[in-house]
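Worksheet for the structure shown next.
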Amino acid sequence: MAGITLVINVDGPQRRVAVVENSNLLELYIESPEERGIVGHIYKGRVVRVLPGMQAAFVDIGLDRTAFLYVADIWSPDITPFLDDPDCSGEGPLQEDQAAAKPSIEDLVTEGQELVVQVAKEPLGTKGARVTTHVTLPGRHVVFMPTVTHVGVSRRITDEQERRRLKDVVEALRRDESTGYIIRTVAEEQSSAKLAADMNFLTRLWEQIQHKSQKTPAPAKLHADLDLVLRSIRDLLGNDLDRCVVDSLAEYDRIKDFVSTFMPRFTNNIDVYEGNEPIFDVYGLETQLNRALERRVWLKSGGYLVIDQTEALTAIDVNTGRFVGRRNLEETITQTNLEACHEIAVQVRLRNIGGIIVIDFIDMMKDANRQKVWKTLEEALASDRVRCHISKISNLGLVEMTRKRTRESLIHSLTEPCPYCEGRGFLKSADTICNEILRGVRKESTYESGNTIMVECHPDVAEILTQIYHQEADELEKRLGKEIIVRPDPRRHREEFEIRGTDHHGGPSPQQGNSTP
């Protein structure tokens, strides 16, 4: 994947980091000054509640909402954590044999107990942050794990001889066999001296955190991970992504200092952009970003995807659209599905869609074509930095997959529910409101003593009520023996209306009612 660039926009209150390949936006990270992410931060917290039924505990770490600590995320000499790191090769210890021997939450923590925890997941919606006592301190070449004895190697390092060399070097260099490391992808072909420097720095950092914890009462922050810009440089700049451009001279100098200290071979790969046009516009990223917020995504062939994100899952529907193919229906459908696979991989990564994802491919008759589409999807998702699990494609063309939820999706980061429809995505039709009003008039007339019924509603509804439903309104007047007056009110919500009784002069009757949906 040559030609991948890190485009950094800090010229403004928001900080944005884009991963760009051949002018295509692959990933986007956004951080506002008031909403800086806390994943990786280490806190000293206090257990405020233990929930045996959920095998979890709530921990006060000094934030607005208490953090959530699951039993599997609590360090114990009898428990070895599962290494769920995107760089980890999966060589970590298995949990199956330990499942029966796992202690319960009541055996591990008690209310009032103080713990050193690290944020593993950002607060999402109404949920607090998820924390773990298995601290990981990422460096440039290795990740230090004080509570794990395992040494793992990134699965992206494929040369077996190099994997063995790196593992032997780290095994020989680690001071304490009760601690562990993950060797990152960028460590490939690096000298033992560079690995040793990284390991020594992380070991000293952990000692400082422990020392601070002993002197600081809970709740308190003990350590903050790097900010978005430097964290992106540390984690993303590597062999595939080897160039960075930033639109601030001050930020350029800061990045240069960081790279010179920790990644000297990339010192000459950092550029500053000093043009007048915004950097995201120069790279054509604003347009791509706006498209990433759309519900419908068009394919080059004329087909399209429909992406709907809900609280429970994300549904992706594949449609042929304008694509009619050349030979037969089965081929047309298969080609659309194959093209959709690549676009789905792009969209879930760009939009950072996590959790359960259900993909509704167009039905294919041949099992060979279904397998071909599934294999293509698997290959397209292979380059995703976030761990994905894909189920086999069903006879109905459905694929269920999960993608690890690491932070808020792009939709949740950049948008908010529509205040008019309250996030439903639709409104009741004017026809529906008119019928509700007529039913409401019949109901309210039994309680109103005046000889007139006043209806106040949105102008669009009032127009249909007086022009399309005037016959029904006339019949209702005769039936009730009361005049119905419709008054448009542009200040009202389209679904809101009020029905009240008045005397013949238009004043309110003694009894009033308010009918809203």
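Please read these numbers as outputs of a predicted model, since none were measured by experiment.
- Not one N or O on the side chain of Trp298 forms a donor-acceptor pair closer than 3.5 Å with the backbone of Leu305.
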Original post:
Can Arg174 and Glu171 be said to form a salt bridge (charged side-chain N to carboxylate O under 4.0 Å, His left out), step by step?
Top reply: CA-CA 6 Å; Arg174 65 172 172 168; Glu171 290 275 16; 3.0 Å; yes
**OP:** Dump the intermediate steps for salt bridge (charged side-chain N to carboxylate O under 4.0 Å, His left out) on Arg46 and Glu111, then the final yes or no.
**Re:** CA-CA 8 Å; Arg46 179 180 293 108; Glu111 291 186 11; over 6 Å; no
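- Side chain of Glu378 to backbone of His389: no donor-acceptor contact under 3.5 angstrom is found.
- Arg184 and Arg234 make their closest contact through NH1-NE, 4.2 Å (heavy atoms, listed as atom of the first residue, atom of the second, distance).
- The pair Arg385-Asp235 does not meet the salt-bridge criterion, since no charged nitrogen lies less than 4.0 angstrom from a carboxylate oxygen.
- Glu277 CD: more than 12 foreign heavy atoms inside a 6.0 Å radius.
- With ring centers used as reference points, Phe201 lies under 6.0 Å from Phe262.
- The closest donor-acceptor contact from the side chain of His134 to the backbone of Thr147 lies at 3.5 Å or more, if one exists at all.
- Around CD1 of Ile356, the count of heavy atoms belonging to other residues, nucleotides or ligands within 6.0 Å does not exceed 12.
- With hydrogens and angles disregarded, a donor-acceptor distance shorter than 3.5 Å links the side chain of His41 to the backbone of Asp225.
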Original post:
Is there a side-chain contact (heavy atoms from CB on, under 4.5 Å) between Phe361 and Val373 once you walk through the steps?
Top reply: CA-CA 9 Å; Phe361 287 105; Val373 167; 3.8 Å; yes
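- The CD atom of Glu286 lies 5.0 Å from the CG atom of Asp281; values are rounded to the nearest 0.5 Å.
- Counting heavy-atom neighbours within 6.0 Å of Glu106 CD, excluding the residue itself, gives a total above 12.
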Original post:
Given Asp107 and Ser104, is the side chain to side chain donor-acceptor pair (under 3.5 Å) satisfied, shown in steps?
Top reply: CA-CA 5 Å; Asp107 299 328; Ser104 65; 3.1 Å; yes
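- Judged purely by atom type and a 3.5 angstrom limit, Lys44 uses its side chain to pair as donor or acceptor with the backbone of Thr216.
- To the nearest 0.5 Å, atoms CD (Glu162) and CD1 (Ile183) are separated by 9.0 Å.
- Not a single donor-acceptor pair under 3.5 Å links the side chain of Arg405 to the backbone N or O of Lys121.
- Side-chain contact between Pro123 and Arg65 is present, with heavy atoms from C-beta onward closer than 4.5 Å.
- Taking a cutoff of 4.0 Å between a charged side-chain nitrogen and a carboxylate oxygen, Arg204 and Glu207 do not qualify as a salt bridge.
- Residues Val135 and Met145 have side chains not in contact (no heavy-atom distance under 4.5 Å, counting atoms from C-beta outward).
- Between Phe68 and Tyr70, the ring-plane angle classifies as parallel under the 30° and 60° cut-offs.
- Within the 4.5 Å cutoff, side-chain heavy atoms of Leu293 are placed close to those of Leu410.
- Closest approach of Val399 and Ser391 over heavy atoms only: CG1-O, 3.8 Å.
- Taking CG from Leu226 and CZ from Phe258, the interatomic distance works out to 5.0 Å, rounded to the nearest 0.5 Å.
- Although no hydrogens or angles enter the test, the distance criterion places no donor-acceptor pair under 3.5 Å between the side chain of Arg165 and the main chain of Glu188.
- Of the inter-residue distances, the one linking Ile357 atom CD1 with Glu400 atom CD reads 11.5 Å to the nearest 0.5 angstrom.
- Considering Ile61, Ile42, Thr132 in turn, Ile61 is the only one that fulfils the side chain to side chain contact (heavy atoms under 4.5 Å, CB included) rule with Val117.
- Side-chain atoms of Ser248 and Asp11, non-hydrogen and from C-beta on, never get closer than 4.5 Å to each other.
- To the nearest 0.5 Å, the span separating CD on Gln118 from OG1 on Thr136 amounts to 4.0 Å.
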**OP:** Go through the steps for Asp308 and Arg296 under the test salt bridge (charged side-chain N to carboxylate O under 4.0 Å, His left out), then give the verdict.
**Re:** CA-CA 9 Å; Asp308 287 315; Arg296 180 172 294 192; over 6 Å; no
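- Between Val20 and Leu26, every side-chain heavy-atom pair lies at or beyond the 4.5 Å cut-off.
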**OP:** Please lay out, stage by stage, how Arg291 and Glu294 fare under the test salt bridge (charged side-chain N to carboxylate O under 4.0 Å, His left out).
**Re:** CA-CA 5 Å; Arg291 281 205 302 264; Glu294 296 292 333; over 6 Å; no
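- Nearest heavy-atom pair across Ile411 and Gln309 is CG1-OE1, 3.2 Å.
- Checked for salt-bridge contact, Arg15 and Glu31 miss the test: no charged N lies under 4.0 Å from a carboxylate O.
- Residues passing the side-chain hydrogen bond (donor to acceptor under 3.5 Å, both in side chains) test with Tyr304, sequence neighbours excluded: none.
- Without hydrogens or angle criteria, Asn200 side chain to Ala196 main chain gives a donor-acceptor distance under 3.5 Å.
- In this pair, Phe144 and Tyr181 present their aromatic rings tilted. The plane angle is within the 30 to 60° band.
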**OP:** Under the side-chain contact (heavy atoms from CB on, under 4.5 Å) rule, what do Arg403 and Arg387 come out as? Steps first, then yes or no, please.
**Re:** CA-CA 6 Å; Arg403 186 174 185 269; Arg387 188 185 299 275; over 6 Å; no
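- Of the residues listed (Asn269, Asn268, Asp271), the one engaging Arg243 in a side chain to side chain donor-acceptor pair (under 3.5 Å) is Asp271, and it is the only one.
- Sorted by first then second residue, the salt bridge (charged side-chain N to carboxylate O under 4.0 Å, His left out) pairs that include residues 212-221, not counting sequence neighbours, number zero.
- Side-chain atoms of Val186 and Leu237, non-hydrogen and from C-beta on, never get closer than 4.5 Å to each other.
- Closest approach of Leu28 and Ala18 over heavy atoms only: CD1-CB, 4.1 Å.
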Subject >> CA sep, side-chain torsions, deciding dist, call: Leu6, Val19, side-chain contact (heavy atoms from CB on, under 4.5 Å) >> reply: CA-CA 5 Å; Leu6 209 60; Val19 179; 3.8 Å; yes
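- Of the possible polar contacts, one joining the Asp247 side chain to the Val10 backbone as a donor-acceptor pair under 3.5 Å is found.
- At a threshold of 4.5 Å between non-hydrogen side-chain atoms, the residues Ile359 and Leu398 do not count as touching.
- For Lys372, the NZ atom counts as loosely surrounded, since its 6.0 Å shell holds 12 or fewer non-hydrogen atoms of other residues, nucleotides or ligands.
- Considering only residues two or more places apart in sequence or on other chains, Lys392 meets the side-chain hydrogen bond (donor to acceptor under 3.5 Å, both in side chains) condition with none of them.
- For the pair Arg16 and Tyr29, the cation does not sit on the ring face, since its NZ or CZ is not both under 6.0 Å from the ring centre and inside 45° of the axis.
- One finds the CG atom of Leu381 at 8.5 Å from the SG atom of Cys341 (value rounded to the nearest 0.5 Å).
- When side chains are defined from C-beta on, Leu51 does not count as touching Gln55, because their heavy atoms never get closer than 4.5 Å.
- Using modelled atom types, no side-chain atom of Arg295 and backbone atom of Ile307 make a donor-acceptor pair closer than 3.5 Å.
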